[in-house]
Amino acid sequence: QVQLVESGGGLVQAGGSLRLSCAASGRTFSTFVLGWFRQAPGKEREFVAGITRPGARTTYADSVKGRFTISRDNAMLTVYLQMNSLKPEDTAVYYCALGNMLSVTTAARAYDYWGHGTQVTVSS
């Protein structure tokens with residue numbers, strides 16, 4: 001079993017920054033992907049960014065490219081999402097997810113383990 005715990009959410013004004021963290025523990029895999037998804041009220045959960053282990057290959061949703069950066073520590077026990085130039089439309093609950101796979105996929109169903117989420121609210 002894998003446990004994922006997100007932190008770092010909060011309220012920020014448009015144009016501001018936040019950094020989310022996701023701490024992973026429990027069962028380990030030699031090859032996996034850690035991803036960030038978000039879900040706004042009344043909308044479907046959507047992919048934000050993902051990073052692989054090994055290789056640290058990253059993938060981003062078009063809506064966050066150039067503003068968000070995903071990174072990890074060497075052991076990939078903690079993954080970060082640095083969010084800059086935040087917009088009101090970035091308001092959502094942000095979830096960390098882990099999938100036992102080789103490359104990043106944007107499909108939520110491909111990820112086996114999920115955190116409980118952390119709220120990000122961007123005011124205009």
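Everything quoted here is computed from the prediction, not taken from an experiment. We count residues from 1, following the sequence as given.
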What distance do E89 atom CD and S63 atom OG have between them, rounded to the nearest 0.5 Å? 9.0 Å

How far does OG of S71 sit from CD of Q82, to the nearest 0.5 angstrom? 8.0 Å

What distance do L18 atom CG and L86 atom CG have between them, rounded to the nearest 0.5 Å? 5.5 Å

Counterpart residues, side-chain hydrogen bond (donor to acceptor under 3.5 Å, both in side chains), relative to K87 (two or more places apart): none

Do L34 and Y113 share a hydrophobic cluster (ILVMFWY, side-chain heavy atoms under 4.5 Å, transitive)? yes

Does any pair with a residue in residues 14-40 pass ring pair (Phe, Tyr, Trp, His ring centres under 6.0 Å), and if so which ones, sequence neighbours excluded? F37-F47, F37-Y111, F37-W114

Please list, chain by chain and in numerical order, all residues satisfying side chain to side chain contact (heavy atoms under 4.5 Å, CB included) with T121, sequence neighbours excluded. L11, T91, Q119

Could you tell me which residues satisfy salt bridge (charged side-chain N to carboxylate O under 4.0 Å, His left out) with R45, sequence neighbours excluded, listed by chain and number? none

My understanding is that only residues two or more places apart in sequence, or in another chain, count here; which of them pass side chain to side chain contact (heavy atoms under 4.5 Å, CB included) with S25? Q3

Minimal non-hydrogen separation, S124 against P88, with atom names: CB-CG, 3.9 Å

What pair of heavy atoms forms the shortest contact from E6 to G117, and how long is it? OE1-N, 2.9 Å

Give me each pair satisfying salt bridge (charged side-chain N to carboxylate O under 4.0 Å, His left out) with a member in residues 16-34, each pair once, sequence neighbours excluded. none

Going by chain and number, the hydrophobic cluster around Y80 (ILVMFWY, side chain to side chain under 4.5 Å) further includes none

I need the full list of side-chain hydrogen bond (donor to acceptor under 3.5 Å, both in side chains) pairs touching residues 92-103, with sequence neighbours left out, sorted by first then second residue. R38-Y94

Point-to-point distance, once rounded to the nearest 0.5 Å, from NE2 of H116 to CG of L4: 9.5 Å

I'd like to know whether T52 forms a side-chain contact (heavy atoms from CB on, under 4.5 Å) with V104, so could you lay out the CA-CA distance, the side-chain angles of the two residues, the decisive distance to 0.1 Å, and finally the verdict. CA-CA 7 Å; T52 64; V104 177; 3.7 Å; yes

Using the side chain to side chain contact (heavy atoms under 4.5 Å, CB included) criterion, which residues pair with T58? Sequence neighbours excluded. I51, Y60, I70

Do side-chain atoms of T31 reach the backbone of M101 as a donor and acceptor pair under 3.5 angstrom? no

Taking side chain to side chain contact (heavy atoms under 4.5 Å, CB included) as the definition, give me every residue that meets it alongside L77, ordered by chain and number, with sequence neighbours left out. D73, A75

Name all pairs fulfilling the disulfide (SG to SG under 2.5 Å) condition that reach into residues 66-119, sequence neighbours left out, sorted by first residue then second. C22-C96

Approximate separation, where rounding is to 0.5 Å, of R67 CZ and S85 OG: 7.0 Å

Working to the nearest 0.5 Å, report the span between CG of L81 and CZ of F68. 6.0 Å

For R72 and A56, work out which heavy atoms get closest and say how close. NH2-CB, 3.5 Å

Specify the closest pair of heavy atoms between A110 and T105, including all atoms of both residues, with the distance to one decimal. CB-CG2, 3.4 Å

Quick check on the hydrophobic clustering: are L20 and V2 connected, directly or via other members, by side-chain heavy-atom contacts under 4.5 Å? yes

